[in-house]
Amino acid sequence: MSSNADTIGESLIWPDPQLTRIPFRLYDDPRVFALEQQRLFQGPTWNYLCLENEVPQPGDYVTTFVGEMPVVVARGDDGELYGFENRCAHRGALICLEDRGHARDFQCVYHAWTYDLQGNLKAVAFQNGVDGKGGMPKTFRLDEHGPRKLRIASFSGLVFGSLDDDVPDLDEYLGDEIASRIERVLGRPLQVLGRFTQSLPNNWKLYVENVKDSYHASLLHLFFTTFRINRLNQRGGVIVSEAGGHHVSWSAIDRSANADVPYSDQKLRSDSASYRLADPGLLEGVDEYGDGVTLQILSVFPNLVVQQIQNCLAVRQVLPKGVARTELKWTYVGYADDDERMREMRLQQANLVGPAGYVSMEDGAVGNFVQRGIAGSREADAIVEMGGDGVQTQETRATEVSVRGFWKAYRSYLEI
């Protein structure tokens, strides 16, 4: 007999095996959302959880998520990192209520069941009853009860977790090319400069698509084009992992007059002569990596984005909160050995991104434009043909190749 998940998967007939058509119903069907939790987030994937330097000492912890599932990541007394479901085995309450902190153990506030830093149940209040009455049965064993445990792995300061015993090792999952691009930005000791959470009124996949869609960047984002930070005719390209799920989009600023021609010819929003910045220092940057690359956006399937925009570095975590609601966790970082001038530059450039960023505030709105736009057309499909129908690395950003790569990986995990 088929399971409910199998039935849902079988009903999702894909219109185009070449991935150039994406069914709009995938963005607003609660059954699809439930299938994603089971087969994707809790399946054989590595979910980004936190930074290693957020849990540096034994007893340090953060709370986070794998898909919708709440999770605790803690540094044990042995110095190792552990992850477990943030759900008391007794009645299902959260074990840990704080975002981050330091603890010797975790005690559920509801009935005081106590767990160690590895997520093992260590004590049950009044297990033996009171005055010889009540209590748990004599057959009750602490080691038979507890939250689900995660496999934990780290790479370049990033902590990942998986609930699947068959997930490939993290190095294999990332692949050499994506790993080297992560190390390019995060391969030095980091310092957290700030954090915030952005609420997005759209399905999580719309934000991930937006991150992977290098084609929209200089069309939607007036600031990018006006101040020549990112134009499609600048040097750049898109790298797509073999399985399709991970990507890198990169570019280098070109301030020559020729950079204007493709935009002015098509009457696109690019009239820099009409706009000035009161503080042009916002646009000043330093070539930290010696390769001239001024923008690198990297994603790891399913929920991680690593950002370098000029000298503004950030890690973004994409968290599905419902069919049409997503949380985006931003963590701005610098290097531990940054001097004061560099730290100030990073913080100043942080004004480019985020909910009110000069560049990326549009990203927080456009996903909802799509969510609202498809409401009456659930049987229609999105068109994803820019740059062809393949998922191979390309030496252009006028392409939707990494969007198709996402859907290639997505279909594989959901088995649809």
Which residue, F301, W46, Y173, Y48, forms the ring pair (Phe, Tyr, Trp, His ring centres under 6.0 Å) with H246?
-> Y173

Distance-only polar pair, side chains of [X] and [Y], donor-acceptor under 3.5 Å:
{"X": "R75", "Y": "Q57", "value": "no"}
{"X": "Q198", "Y": "Y207", "value": "no"}
{"X": "K321", "Y": "T326", "value": "no"}
{"X": "E288", "Y": "Y335", "value": "no"}

Over 12 non-hydrogen atoms of neighbours within 6.0 angstrom of CG in D77 |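 Counting neighbours around CG of D77, 12 or fewer heavy atoms of other residues, nucleotides or ligands fall under 6.0 Å, so no.
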
Are more than 12 heavy atoms from other residues, nucleotides or ligands located less than 6.0 Å from atom CG of D176?
->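 Count not over threshold, so no.
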
Would the F41 and W204 ring centres measure less than 6.0 Å apart?
-> yes

Has R184 got its NZ or CZ under 6.0 Å from the middle of the six-membered ring of Y289, at an angle within 45 degrees of the ring axis?
->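 Yes, a cation-pi geometry holds between R184 and Y289.
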
Can you check side-chain hydrogen bond (donor to acceptor under 3.5 Å, both in side chains) on Q394 and T399, steps first, answer last?
-> CA-CA 8 Å; Q394 296 185 1; T399 179; 2.9 Å; yes

Short side-chain to backbone donor-acceptor contact, R404 and G388, under 3.5 Å =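 Answer holds: yes.
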
Would you please test T63 and E98 for side-chain hydrogen bond (donor to acceptor under 3.5 Å, both in side chains) and show each step?
-> CA-CA 7 Å; T63 55; E98 303 297 329; over 6 Å; no

Of the options E85, Q37, R87, which is the one that meets M69 in a side-chain contact (heavy atoms from CB on, under 4.5 Å)?
-> E85

Measure up the Y410 and W407 rings against each other and bin them: parallel (under 30°), tilted (30 to 60°), perpendicular (over 60°).
-> perpendicular

Taking the six-membered ring for Trp, are F196 and Y332 parallel (under 30°), tilted (30 to 60°) or perpendicular (over 60°)?
->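 Ring orientation of F196 relative to Y332: tilted.
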
